[in-house]
Engineer: 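I have a structure I would like to understand better, so I am pasting it below and will then ask my questions one at a time.
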Amino acid sequence: MSDLQSISQAVSVLRRGDLLAMPTETVYGLGADASNALAVQKIYVLKGRPANHPLIVHLQAPSSDSKNLLEDWVSILSPWARHIPTSALVLIEHFWPGPLTLVFQKSKLALDCVTGGQDTIALRSPSHPLTQELLKAFGGGIAAPSANRFGRISPSSAAHVRSEFTDHEQLMILDGGDCEFGIESTILDVSQEGMPRLLRPGSITPRQMNMATGIVVQTGNEGLQGAPRVSGSLKAHYAPITPLYLYGLQPLNPKLVAHETATSLSNKVAMVYWQGEQSNDFTLTMHDANSIERFPAPKDPVRFAQILYRLLRDLDQSNYQAIYISTPPDGEEWDAVRDRLQRASFGSGPSSSSQINN
Ligand code: TXA
Ligand code: MG
């Protein structure tokens, strides 16, 4: 099927109130017409996501030959956001379409099932060309979380989406190839007075935003009381079923020690280490050397993010007793990857779904 045919089929899926998976530059999304409550409900059911966890609405970008880009962005945002601060427009000018989600005060039209009943709404314009074509042809907003079961690893290819929803063969997947960034968008709250606040680290770092626009992004947990809900901020998320441990210079954590005593020498473990560096010695002493399979990973935050979810999925399917990954270095450029790995580690293991729902 040509791209044109797939897009027209995707538009009819959305118009009749069904779901479809679509590529973005970050991860694949599970999309529905954001103005159709029944369609949006289907996302929660298929994902197994709690109804009070809000969704991001994906929006078309102005055409590239627009004479008045900012005005065009304002008219695209206005049906969804009731107040658009200047700082948001400055960020949009630099980073949209792209992997940045902004949380605004919501308009009257924005559905409660999209916003999780909150007074805010998350909006982003993805840069993936196929999804931009889809948004243009559809003519409305598409509500879409990442196309994975709740709490599990996000998909960065069409095949990943298929393997998440094997019992839903009829789900249409618009195949846009491997995702360029590989982890979810950066989320900023611009709905309150004062500096924009970072809700989820992603491919675009606060420093990059500051360098490009002069805007200072508030990071850390200061004043997070009453903050909007972000399911990506649950302690356990993005999780494989195989136990995942981060190793590094720090003392071994209790989970790791418990695992060490339970380990039988005959079982294989996966160890991900930094390309060009020695793989870690403590694991070698812990396990029979033959039982370790080593995987070099790029020590570059952008390249590591690109392969992270694919790596976790592949390792999770290879029957390892445990997966060990080197703790990412300090520094803001690693924040998004470190955040995903820590949550994946916390949520990992066969009993993880019960932790996730707590
Ligand atoms: O890169 C991405 O952002 C991907 C692609 C598909 O666009 N989407 C994604 O969606 O990661 P999801 O639902 O897996 O994560 C979006 C996060 C959720 O944790 C949700 O709670 C948060 O955005 N969110 C949505 N609306 C919000 C709001 N009004 N206030 C605060 N957080 C919000
Ligand atoms: Mg997600």
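Ligands are counted one by one from 1 in listed order, and the atoms in each one are counted from 1 as well.
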Engineer: What I want to know is whether Thr24 and ligand 1 share at least one N or O pair that is separated by under 3.5 angstrom.
Structural biologist: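 No, since none of the N or O atoms of Thr24 sits under 3.5 Å from an N or O of ligand 1.
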Engineer: Salt bridge check, Asp18 against Lys42: does any charged N sit closer than 4.0 Å to a carboxylate O?
Structural biologist: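 Yes, this pair counts.
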Engineer: I'd like to check Met172 versus Val13 (side-chain heavy atoms, cut-off strictly below 4.5 Å). Are they in contact?
Structural biologist: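 Yes. Closest side-chain heavy atoms under 4.5 Å.
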Engineer: Could you check whether Arg162 pairs with Asp167 (Lys NZ or Arg NE/NH1/NH2 to Asp/Glu carboxylate O, under 4.0 Å)?
Structural biologist: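 Looking at Asp167 together with Arg162, the answer is no, because their closest N to O distance does not fall below 4.0 Å.
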Engineer: Heavy atom under 4.0 Å from ligand 1: found in His53's side chain, backbone, both, or neither?
Structural biologist: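 Neither part.
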Engineer: Any nitrogen or oxygen of Thr115, main chain or side chain, under 3.5 Å from a nitrogen or oxygen of ligand 1?
Structural biologist: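 No, there is no polar N/O contact under 3.5 Å.
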Engineer: Examine the proximity of ligand 1 to His128 and report which part, side chain or backbone, both or neither, has a heavy atom under 4.0 Å away.
Structural biologist: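 No part of His128 is near ligand 1 at this cut-off.
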Engineer: Check Lys106 against ligand 1 and report side chain, backbone, both or neither, counting heavy atoms closer than 4.0 Å.
Structural biologist: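 None of Lys106 does.
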Engineer: Before signing off on this row, confirm whether Arg124 and ligand 1 have an N or O atom pair separated by under 3.5 Å.
Structural biologist: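 N/O-N/O distance below 3.5 Å exists for this pair.
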Engineer: Hey, does Met22 sit under 4.0 Å from ligand 1 if you only count heavy atoms?
Structural biologist: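 The answer is no: ligand 1 sits nowhere under 4.0 Å from a heavy atom of Met22.
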Engineer: For Trp274 together with Trp334, are the ring centres under 6.0 Å from each other?
Structural biologist: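 Yes, the ring of Trp334 comes within the 6.0 Å limit of the ring of Trp274, centre to centre.
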Engineer: Evaluate Tyr28 for polar contact with ligand 1, using N/O atom pairs at a separation under 3.5 Å.
Structural biologist: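 Such a contact does not occur with ligand 1.
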Engineer: So, is Ser146 placed with an N/O/S atom under 2.8 Å from the Mg ion (ligand 2), counting both backbone and side chain?
Structural biologist: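 It does; at least one qualifying atom falls short of 2.8 Å.
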Engineer: Decide, yes or no, whether a salt bridge links Glu277 with Lys299 under the criterion of side-chain N to carboxylate O below 4.0 Å.
Structural biologist: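 Yes, charged N to carboxylate O under 4.0 Å.
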Engineer: Near Ile121, which atoms of ligand 1 are under 4.0 Å from a heavy atom of that residue?
Structural biologist: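 Matching atoms, with element in brackets: 29 (N).
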Engineer: Quick one: which ligand 1 atoms are inside 4.0 Å of a heavy atom on Ser185?
Structural biologist: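 Here the atoms of ligand 1 in question are 1 (O), 2 (C), 3 (O).
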Engineer: Answer side chain, backbone, both or neither: which part of Thr26 comes under 4.0 Å from ligand 1, heavy atoms only.
Structural biologist: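 Side chain only.
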Engineer: Using distance alone, decide if ligand 1 has a nitrogen or oxygen within less than 3.5 Å of any nitrogen or oxygen in Lys47.
Structural biologist: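 Between Lys47 and ligand 1, no N or O pair is found under 3.5 Å apart.
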Engineer: Using a 3.5 Å distance criterion without hydrogens, assess whether the side chain of Gln132 forms a donor-acceptor pair with backbone atoms of Pro126.
Structural biologist: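 Confirmed, Gln132 side chain pairs with Pro126 backbone.
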Engineer: Salt bridge between Asp72 and Lys67, side-chain N to carboxylate O under 4.0 Å?
Structural biologist: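 A salt bridge is absent here (no side-chain N lies under 4.0 Å from a carboxylate O).
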Engineer: Just go through Arg49, Glu184, Gln118 and tell me whose heavy atom is the nearest to atom 18 (C) of ligand 1.
Structural biologist: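 Nearest option to atom 18 (C) of ligand 1, by heavy atoms: Arg49.
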Engineer: Distance under 6.0 Å and angle within 45° of the ring axis: does Lys47 meet both against Phe150?
Structural biologist: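 No, Lys47 does not lie over the aromatic ring of Phe150.
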Engineer: Kindly confirm or rule out a cation-pi arrangement of Arg340 over Tyr238, judged by NZ or CZ under 6.0 Å from the six-membered ring centre and within 45° of its axis?
Structural biologist: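 So Arg340 does make the cation-pi contact.
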Engineer: Is ligand 1 under 4.0 Å from a heavy atom in the side chain of Leu55, in the backbone, in both, or in neither?
Structural biologist: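 Near ligand 1, Leu55 shows its backbone, while the atoms from C-beta on stay back.
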Engineer: Taking side-chain hydrogen bond (donor to acceptor under 3.5 Å, both in side chains) as the test, write out the residues that go with Thr26, two or more places apart.
Structural biologist: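 Only Thr24, Arg124 meet the side-chain hydrogen bond (donor to acceptor under 3.5 Å, both in side chains) criterion with Thr26.
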Engineer: Between Arg313 and Glu164, does at least one N-O distance fall below 4.0 Å, as a salt bridge requires?
Structural biologist: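 The answer is yes: the pair qualifies as a salt bridge.
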Engineer: State whether the shortest distance between N or O atoms of His58 and N or O atoms of ligand 1 falls below 3.5 angstrom.
Structural biologist: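 Yes - when backbone and side-chain N and O of His58 are compared with those of ligand 1, one distance drops under 3.5 Å.
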Engineer: For ligand 1, which atoms have a heavy atom of Thr120 less than 4.0 angstrom away?
Structural biologist: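 Heavy-atom distances to Thr120 below 4.0 Å select 28 (C), 29 (N), 30 (N).
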